[in-house]
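Only this structure's heavy atoms are used, side chains among them; waters, hydrogens and symmetry mates stay out. Residue numbering restarts at 1 for every chain, and letters A, B, ... go by the order of the sequence lines.
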Amino acid sequence: MQKTVSKSFFSRPTLEVAPELIGKIIEYGGCTGRIVEVEAYTDDPASHGYRRTERSAIMHDTYGHIYVYFIYGMYHCLNFTTDKDQVGAILVRAVEPLSGLQLMKKRRGIDSETKLCNGPGKLCQAFDININVNHSRVGEYLRLYHGRAEEILSSPRIGITKATDLHWRFFEKDSPFVSR
DNA sequence: TACTGGATTCACT
DNA sequence: GTGAATCCAGTAA
């Protein structure tokens, strides 16, 4: 595999880190996958970090850590905390499966490779990511590698859309593995 | 202590 | 396009 992503990678401003996460390789639960879509949350009303609570404190206090929360009574969402000076986190919205496909298919109960991880809840189900990894450091249980990020960044392959007034989605253009 | 609604997904129309 | 599934953090009282 490639070089491990260091903690200092996440120390920078959230909007700077987010597009660079595209192309990084996640390894967890016996599976690997390439990040193809993320959503950047900073100090805006749509973010958990807008108000400091027991749950969102990790967004204020850490960077390079994992923030997992449970939503709609059925799904988990995977975030990386960012920015040593500000509130911030980046939601991983979609991943391109690379290895452990059979395991993912079994966990998801489907056979389509493009639909395996094309949504925040779906990828957590495929990788078996749950509240147990919440608060752990990146690299502790869930590993992150640089993969081919540089090649992607140097090409016009990253799309940006405004999710709300104050946070953005970054995705790999033309990837069949992005959400929706 | 009780209530409300969500950074979602899927089946169904 | 609409609605159900299903839990718990956050908030109000």
Side-chain angles (χ1 to χ4, degrees), chain A residues 10 12-24 26 28-29 31 33-83 86-97 101 103-136 138 142 144 158-172 175-180:
Chain A
F10 295 98
R12 296 167 297 144
T14 305
L15 290 175
E16 194 176 310
V17 177
E20 295 185 26
L21 269 179
I22 306 291
K24 297 281 185 284
I26 289 180
Y28 185 78
C31 305
R34 243 179 91 255
I35 297 174
V36 295
E37 183 178 350
V38 298
E39 193 157 329
Y41 286 88
T42 53
D43 187 20
D44 79 87
S47 168
H48 291 180
Y50 185 63
R51 270 190 281 269
R52 187 197 171 92
T53 63
E54 193 178 342
R55 184 175 66 165
S56 70
I58 187 172
M59 287 177 68
H60 295 252
D61 298 341
T62 73
Y63 60 93
H65 282 238
I66 288 169
Y67 170 38
V68 175
Y69 61 86
F70 191 51
I71 194 168
Y72 296 117
M74 339 177 63
Y75 301 106
H76 294 279
C77 291
L78 169 68
N79 298 251
F80 298 118
T81 62
T82 50
D83 201 327
Q86 301 275 328
V87 186
I90 298 169
L91 169 71
V92 182
R93 293 191 53 87
V95 162
E96 173 186 342
L101 279 280
L103 210 45
M104 291 186 187
K105 288 177 180 177
K106 191 179 169 188
R107 288 168 179 156
R108 291 271 296 117
I110 60 167
D111 207 45
S112 162
E113 293 183 11
T114 54
K115 292 179 181 169
L116 228 38
C117 302
N118 65 334
K122 295 177 184 178
L123 73 92
C124 284
Q125 191 177 24
F127 280 79
D128 193 28
I129 291 168
N130 55 48
I131 209 75
N132 293 335
V133 293
N134 195 23
H135 286 36
S136 67
V138 174
L142 184 150
L144 197 62
I158 294 189
I160 304 172
T161 57
K162 237 180 171 180
T164 72
D165 278 351
L166 289 165
H167 72 279
W168 291 262
R169 285 183 188 174
F170 300 87
F171 59 95
E172 187 179 332
S175 168
F177 300 98
V178 298
S179 67
R180 188 197 304 249

Whole-Å distance between B:dA7 P and A:Arg55 CZ?
8 Å

With rounding to whole Å, what would you report as the distance between B:dA2 and C:dT6 at their P atoms?
23 Å

Atom CZ of A:Phe70 and atom P of B:dT9 are separated, to the nearest Å, by 13 Å

Can you tell me the Watson-Crick or wobble partner of B:dA7, both distances under 3.5 angstrom?
none

Heavy-atom neighbours of A:Arg51 CZ exceed 12 at 6.0 Å
no

Is there a donor and acceptor pair closer than 3.5 Å between the side chain of A:Tyr69 and the base of B:dA7?
yes

How long is the line joining CD1 of A:Ile71 and C1' of B:dG5, in whole Å?
10 Å

Mind calculating the distance between CG (A:Leu123) and C1' (B:dT9) to the nearest angstrom?
13 Å

Using a heavy-atom cut-off of 4.0 Å across all strands, would you classify A:Gly121 as base, sugar-phosphate, or nothing?
sugar-phosphate

Sugar-phosphate only, base, or nothing, as touched by A:Arg52 at under 4.0 Å among non-hydrogen atoms:
nothing

Nearest whole Å is fine: how far is C:dT6 P from A:Met74 CE?
6 Å

Run the side chain to side chain donor-acceptor pair (under 3.5 Å) check on A:Gln125 and A:Arg107 step by step: do they pass?
CA-CA 6 Å; A:Gln125 191 177 24; A:Arg107 288 168 179 156; over 6 Å; no

Among B:dT9, C:dA9, B:dA7, the one nearest A:Pro120 by side-chain distance:
B:dT9

Does A:Arg93 place a side-chain N or O at less than 4.0 Å from the phosphate oxygens OP1/OP2 of B:dT8?
yes

Considering all heavy atoms of both residues, which atom of A:Asn118 and which atom of A:Phe177 are nearest to each other, and what is their separation?
CB-O, 3.3 Å

A:Gly73 or A:Ile110: which one's nearest nucleotide on DNA chain B is closer to the 5' end?
A:Gly73

For A:His167, answer base if it contacts any base atom (sugar-phosphate contacts may also be present), sugar-phosphate if it contacts only those atoms, and nothing otherwise; contact means non-hydrogen atoms under 4.0 Å.
nothing

By nearest atom, which of the nucleotides C:dG10, B:dA7, B:dT9 is closest to the A:Lys122 side chain?
B:dT9

Rounded to the nearest angstrom, tell me the gap between atom CD1 in A:Ile129 and atom P in B:dT8.
16 Å

Ranking C:dG10, B:dA7, C:dT11 by distance to the side chain of A:Glu54, first place goes to C:dG10

Check whether any side-chain heavy atom of A:Lys105 sits under 4.5 Å from a side-chain heavy atom of A:Glu113, and report yes or no.
yes

Classify the nucleic acid contact of A:Ala89 as base, sugar-phosphate or nothing, counting any heavy atom under 4.0 Å across all strands shown.
nothing

Counterpart base for C:dT6, defined by Watson-Crick or G-U wobble contacts under 3.5 Å
none

With the criterion set at under 5.5 Å between ring centres and under 30 degrees between planes, would C:dA5 be stacked on A:Tyr72?
no

What's the NE2-P distance between A:His76 and C:dC7, to the nearest Å?
11 Å

Specify whether A:His76 and A:Phe70 have parallel, tilted or perpendicular ring planes, treating 30° as the upper limit for parallel and 60° as the lower limit for perpendicular.
tilted

Ignoring hydrogens, what is the shortest heavy-atom contact between A:Val87 and A:Thr14? Give both atom names and the distance.
O-OG1, 4.3 Å

Would you kindly give the CZ-to-C1' distance between A:Arg169 and B:dA7, to the nearest whole Å?
8 Å

